[in-house]
Amino acid sequence: MLGVGSTIGAGIYVMTGTAAAQYAGPSILVSFVIAALACLFTAFSYGELSSSLPVSGSAYSYAYVSMGERAAWTVGWLLLLEYGISCAAVASGLSGYATSLLSSFGYHVPASLSQATFQTVPGSGGMAITSGWRFDFVATLAIAVVTACLVRGVQESARVNTIIVFIKVGVLFLFVGCGLFALHPAYWHPFIPEYRGGFQYGIPGMFRAASVIFFAYVGFEAVSTASAEARNPRRDVPIGIIGSLVICTIVYVCVASILIGIVPYQQLNVADPLSIAVRAMKQPWLALFVNMGATIGLCSVLLGLLYGQTRIFFAMSRDGLLPPVFSYVHKRYHTPWTGTILLGVIVALATATLPIDVISDLVSIGTAAAFGIVCFTVIWQRNMHPDMERSFSVPLGGFRIRGWWIGITPLLGMLFCVIMIAPLFADMIRALLHGNPVPALLLIAYAGLGFATYWYYSRHNSTFAREGKD
């Protein structure tokens, strides 16, 4: 339940339509499997680290204990893309479904208050300001509400999580069940659309779509980080990891196949593709259920992601890598309130102005890079501390090169992470060569801001610096 509840969110409710329309067509079903394999090898690496290192929480903690301050800062800055910026993608999708839900009750939100200021230029990967002023107020309001909840303090129980999981998955299976009677098999052909250059369709488009929907699986790591609470980590962690990934992949493939079988994939480049499909089925009651389920499910994902990011920043601030504002604790609510509010403002601005496909690309880059470092951390730990007790070890064994142990599982994890990142960088370079530098500039600016923050602040104020260590 923990893995499924943390994983099913914006990836299936939002990005499936965009990835299918722009890159893969019906072959997005294969893209989901490719992305799942990338996560599987990384998940095993998470499992070993969480069962052996005396810390809990995230890849930031593992990197800090294993490889020191600089590696920890790099991972922490990448995790901002995985958790913080992915909140913008989730909120954007939530805006689409909430707008559709409101329209069911006769309340029509204008595009100026429900769409981002910038929109992607079709076929170029660049961005342009849309005609007329636009600002996604609905998504901004959602982030403001979640931020306020986190400031006051939110206690999540297993019972609440289970209820939300059943609502989210139940709505998706209701969609699949009803969609079986409204299929147009002709929409699945050709399964791999004819290649049109770049990453538009064909085999390259299939892998490009996998890199887009890669962040649909990011919640799986919640399973491995809970290994300290497992009664039998050697058994429970693999079951939790593989079980949640298999369940989510089956759900994703089923929903995507029905979605594409109801509506031509070319029409799904929207923030609420399931709503488009339900409207095509002409079932108003089902549209109400789908929009409500998506809104509730995305709210829970938004809460979890923003919560995780505030706690990662709290840990980094406590270690001196970020300013103290991120670790100030409210005297009454006992939450890092100033850091939560500041992060909420940043995420809200990104959501209200940036298009969801550009956001998802940044999230996938940050996630894949962080996962790659996690896989490398396993190899590093095995060589630096070979005698450390490990209640769970990565499968498939390994081999040695000049005495250095190389694990097959973490090596495959790093390889798949490169496969996820490569199409994203290639698309950015292609956009740059076609006169659209904005995606590349966003990534360069983000990396530059991270380097400048570490160079001019973190390395002088960190715990290592205060203790006079390198």
Side-chain angles (χ1 to χ4, degrees), residues 2 5-7 9-10 50 55-64 72-92 94 139-157 160-161 164 215 218-219 221-222 224-226 298-352 359 362-363 366-367 370 446 449-450 453-454 457-458 461-463:
L2 180 63
S6 301
T7 303
S50 60
V55 293
S56 61
S58 66
Y60 165 77
S61 301
Y62 302 147
Y64 199 103
W73 168 261
T74 302
V75 172
W77 198 247
L78 290 171
L79 288 178
L80 175 58
L81 289 176
E82 179 182 347
Y83 285 92
I85 305 303
S86 65
C87 286
V90 174
S92 180
L94 191 152
T140 303
L141 180 62
I143 292 174
V145 171
V146 169
T147 300
C149 291
L150 290 175
V151 169
R152 286 185 58 87
V154 177
Q155 290 185 333
E156 295 177 304
S157 66
V160 173
N161 179 65
I164 293 175
F215 91 104
V218 296
E221 61 188 295
S224 59
T225 57
L298 292 177
C299 277
S300 68
V301 175
L302 187 62
L303 183 69
L305 289 173
L306 202 57
Y307 173 87
Q309 185 60 65
T310 58
R311 271 47 183 183
I312 291 173
F313 271 12
F314 178 86
M316 295 176 71
S317 177
R318 185 184 53 195
D319 293 333
L321 297 178
L322 286 177
V325 66
F326 289 101
S327 56
Y328 288 151
V329 177
H330 197 283
K331 293 182 179 180
R332 179 180 176 183
Y333 301 128
H334 308 291
T335 58
W337 66 286
T338 53
T340 300
I341 292 174
L342 181 57
L343 182 64
V345 170
I346 295 172
V347 172
L349 288 175
T351 305
I359 294 172
L362 293 175
V363 171
T367 302
Y446 184 83
L449 179 61
T453 303
Y454 178 78
Y457 179 86
S458 303
N461 295 277
S462 67
T463 301

For the side chain of W73 and the backbone of G450, is there at least one donor-acceptor N/O pair under 3.5 Å apart?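 A pair under 3.5 Å: yes.
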Side-chain donor/acceptor of S327 to backbone N/O of F314, under 3.5 Å: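 Side chain of S327 to backbone of F314: no pair is present.
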Hey, what do you get for [atom1] ([X]) to [atom2] ([Y]), rounding to the nearest 0.5 Å?
X	Y	atom1	atom2	result
L302	S92	CG	OG	11.5 Å
W337	L150	CH2	CG	15.0 Å
F313	L79	CZ	CG	9.0 Å
N461	L322	CG	CG	10.5 Å
I341	T335	CD1	OG1	8.5 Å
I312	Y60	CD1	OH	10.0 Å

Which pair of heavy atoms, one from [X] and one from [Y], lies closest together, and at what distance?
X	Y	answer
V75	A63	CG2-CB, 3.8 Å
L78	G366	CB-O, 3.8 Å
I143	G344	CG2-O, 3.6 Å
P324	Y457	CD-OH, 3.5 Å

Under the rule for side chain to side chain donor-acceptor pair (under 3.5 Å), what residues qualify as partners of T74, not counting sequence neighbours?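 None.
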Could you tell me whether the side chain of [Y] reaches within less than 4.5 Å of the side chain of [X], counting heavy atoms only?
X	Y	result
T340	Q309	no
L306	L343	yes
S317	V325	no

Y446: what forms a side chain to side chain contact (heavy atoms under 4.5 Å, CB included) with it, not counting sequence neighbours?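 By the side chain to side chain contact (heavy atoms under 4.5 Å, CB included) rule, Y446 matches W77, L80, L81.
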